[in-house]
Every structure is written in structure tokens, then in C-alpha cells.
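By convention in this document, chain letters (A, B, ...) are assigned in the order of the sequence lines, proteins followed by strands, and residues within each chain are numbered from 1.
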Amino acid sequence: MRYWLLKSEPDVFGIDNLAAAPQRTTGWEGVRNYQARNMLRDDFRQGDRAFFYHSSCAVPGVAGVVEVVREAYPDPTQFDATSEYYDAGSTRAAPRWFSVDVQLEKRIEPVITLPELREHAAGALREMLILKRGNRLSVTPLTAAEWQCIVALRPSIASSRATKSTAGSRTRSKKT
DNA sequence: GCCAACGTTGGC
DNA sequence: GCCAACGTTGGC
């Protein structure tokens with residue numbers, strides 16, 4: 001199982017929207033960056049977990065934990081001429097963009113803020129992409145160690161579900 | 001609103 | 001294939 005961080009602007013779609021969605025599940029649509037696309041399409045697996053991160057807002061930070069409940073399928077918005085994500089250059093026969101479905105597992109309250117994450121920028125989160133200058137990728141991988149570090153910042157997260165054993169699992173760090 | 005950083009585009 | 005211009009992202 002792998003770990004991820006998914007960025008979203010709460011003004012567009014935030015943790016409140018996800019909590020209110022049917023089955024607390026949403027398609028992760030609108031990703032239009034090839035590096036991010038490749039991860040969604042090739043690397044996301046059912047059962048992977050991700051942090052839901054609020055960006056471009058008053059309090060940037062980690063607002064929830066989600067689980068990947070459906071692996072990659074063509075992002076429907078690329079075919080919708082009325083969507084801001086429409087891509088006239090993509091076809092159903094050879095779709096260019098992909099989505100996965102994620103389900104809200106647990107809100108994180110209060111949000112783990114960016115300054116709080118930065119407190120660990122010299123330690124456990126030293127390689128965390130989102131803390132690096134200029135990183136703009138909306139989909140980034142996390143190592144198991146990074147995930148554990150962040151989870152440990154809010155003891156309430158651990159109690160959200162029966163702890164799955166992660167013994168023996170490995171998280172591959174991906175070149176980006 | 002500012003600005004740094006990055007990805008994409010397009011001329012050559 | 002180079003690279004400057006441009007648009008976007010995202011924190012502040």
C-alpha cells in the first residue's frame with residue numbers, strides 16, 4: 001500500500017464537500033498535469049491512502065485522510081465541452097486524463113497546518129515534496145515514514161479505524 | 001495583490 | 001531541440 005497527498009482548493013472542493021458527498025466519495029477530477037496524471041493512472045491502487053490537503057486558502061494544511069476506492073478510469077470532465085476541464089484534444093479511444101475515486105476516512109481537526117508541517121522540515125519531513133520550494137504538483141507520493149510522522153501529529157487519526165498491519169509493506173519513493 | 005517557481009507553448 | 005515568453009500555482 002502506498003501513501004499520497006492530494007491537493008485541492010477548498011473554495012472549489014474542500015473536505016466539507018467530500019464529507020457531504022454520497023458515500024463520502026468523489027472522483028478526483030481535473031488533474032491536468034502529466035506527472036500527476038501518471039501517478040494517478042499507474043501507481044494508485046485500491047486501498048492506498050492519501051491526505052486531503054487544502055491549498056490556496058486561509059489555512060493551508062492537511063484536512064483529512066482518504067482511501068482510494070477505485071483505481072484509474074478516464075476523467076469524464078475531459079469529454080465535457082461545458083467543463084472547465086474539457087480537453088478537445090482527448091478522445092474516448094485514447095483518453096489523456098485519468099481520475100481515481102477516493103472516500104473520506106477521517107477528518108483531521110484541527111487541520112494540520114503548513115507551519116506545523118514545517119516544524120518537521122529539518123527532520124522526518126525533510127524530503128516531503130510539498131514543503132519544498134516551488135513544488136506545485138497536486139499529487140505527490142509520501143513515504144511510510146512521512147505518513148507516520150504526520151499521523152502522529154493528531155492522535156485522533158489513529159483511532160479512526162482498526163489498524164491494518166503494515167508490517168512488510170514498503171513504500172517506494174518515486175522520482176518526480 | 002505580489003512574486004517566485006514551475007510547466008507549457010511556440011517560434012526558430 | 002533550444003529557449004524565451006507566457007500562464008498558473010500557491011504561500012504570504
Side-chain angles (χ1 to χ4, degrees), chain A residues 2-19 21 26-44 48-66 68 72 74-102 104 107-143 146-147 149-154 157 172-176:
Chain A
R2 293 181 187 165
Y3 298 101
W4 307 96
L5 184 144
L6 297 170
K7 284 198 282 198
S8 186
E9 300 183 20
D11 293 345
V12 178
F13 190 90
I15 199 78
D16 290 340
N17 301 100
L18 183 55
T26 190
W28 204 260
E29 299 172 341
V31 172
R32 295 292 181 270
N33 168 284
Y34 286 103
Q35 240 180 311
R37 186 280 309 268
N38 291 346
M39 288 186 270
L40 288 176
R41 185 190 60 189
D42 304 333
D43 299 332
F44 271 60
D48 284 359
R49 286 201 273 172
F51 288 127
F52 190 114
Y53 180 89
H54 282 169
S55 68
S56 293
C57 58
V59 185
V62 177
V65 175
V66 301
V68 177
D75 180 343
T77 63
Q78 71 195 303
F79 307 123
D80 177 0
T82 67
S83 168
E84 61 174 313
Y85 300 122
Y86 178 64
D87 183 349
S90 183
T91 66
R92 289 180 189 275
R96 183 175 290 167
W97 307 111
F98 290 81
S99 297
V100 299
D101 284 357
V102 298
L104 180 63
R107 277 175 174 269
I108 298 176
E109 290 173 319
V111 165
I112 299 171
T113 65
L114 187 54
E116 205 173 342
L117 294 172
R118 286 199 200 284
E119 289 175 17
H120 303 271
L125 303 184
R126 165 176 8 102
E127 299 296 324
M128 190 174 168
L129 292 172
I130 211 163
L131 299 184
K132 297 201 170 184
R133 254 176 102 76
N135 172 71
R136 302 185 322 192
L137 266 188
S138 64
V139 177
T140 51
L142 297 178
T143 66
E146 287 164 347
W147 180 272
C149 170
I150 295 168
V151 162
L153 299 177
R154 291 289 181 282
I157 301 173
R172 183 172 65 97
S173 67
K174 182 170 169 55
K175 281 203 206 80
T176 56

Separation between CZ (Arg118(A)) and CD1 (Ile130(A)), nearest 0.5 Å, reads 9.5 Å
Testing Tyr34(A), Tyr86(A), Trp28(A), Tyr85(A) for ring pair (Phe, Tyr, Trp, His ring centres under 6.0 Å) with Trp97(A), which one passes? Tyr34(A)
In plain terms, say whether Arg37(A) and Asp75(A) are close enough for a salt bridge, that is, a side-chain N and a carboxylate O under 4.0 Å apart. no
Nucleotide nearest Pro60(A) (side chain, heavy atoms from C-beta), chosen from dG11(C), dG7(B), dG10(C): dG11(C)
Separation of dG7(B) C1' from Asn38(A) CG (nearest whole Å): 14 Å
Nearest to the side chain of Tyr34(A), which nucleotide is it out of dG7(B), dG11(C), dT8(B)? dT8(B)
To the nearest Å, give me how far apart CG (Leu137(A)) and C1' (dG10(C)) are. 13 Å
Report the distance from atom CD of Glu29(A) to atom CD of Gln78(A), rounding to the nearest 0.5 Å. 10.0 Å
Whole angstrom value for the distance that separates P of dT9(C) from CG of Leu131(A): 20 Å
Would you please confirm or rule out a distance under 4.0 Å between OP1 or OP2 of dT9(C) and any side-chain N or O of Tyr53(A)? no
Counting just side-chain N and O atoms, does Lys7(A) come under 4.0 Å of either OP1 or OP2 of dG10(C)? yes
Tell me: CZ of Arg136(A) to C1' of dC12(C), nearest whole Å? 17 Å
Which nucleotide wins on minimum distance to the side chain of Arg118(A), given the candidates dG7(B), dT8(B), dG11(C)? dG11(C)
To the nearest angstrom, how far is Asn33(A) atom CG from dG7(C) atom C1'? 14 Å
Figure out the NE2/C1' separation between His54(A) and dC12(C), and round it to whole Å. 19 Å
Separation of dG7(B) atom P from Leu129(A) atom CG, nearest Å, is 12 Å
Between atom CG in Asp11(A) and atom P in dG10(C), what is the gap in whole Å? 13 Å
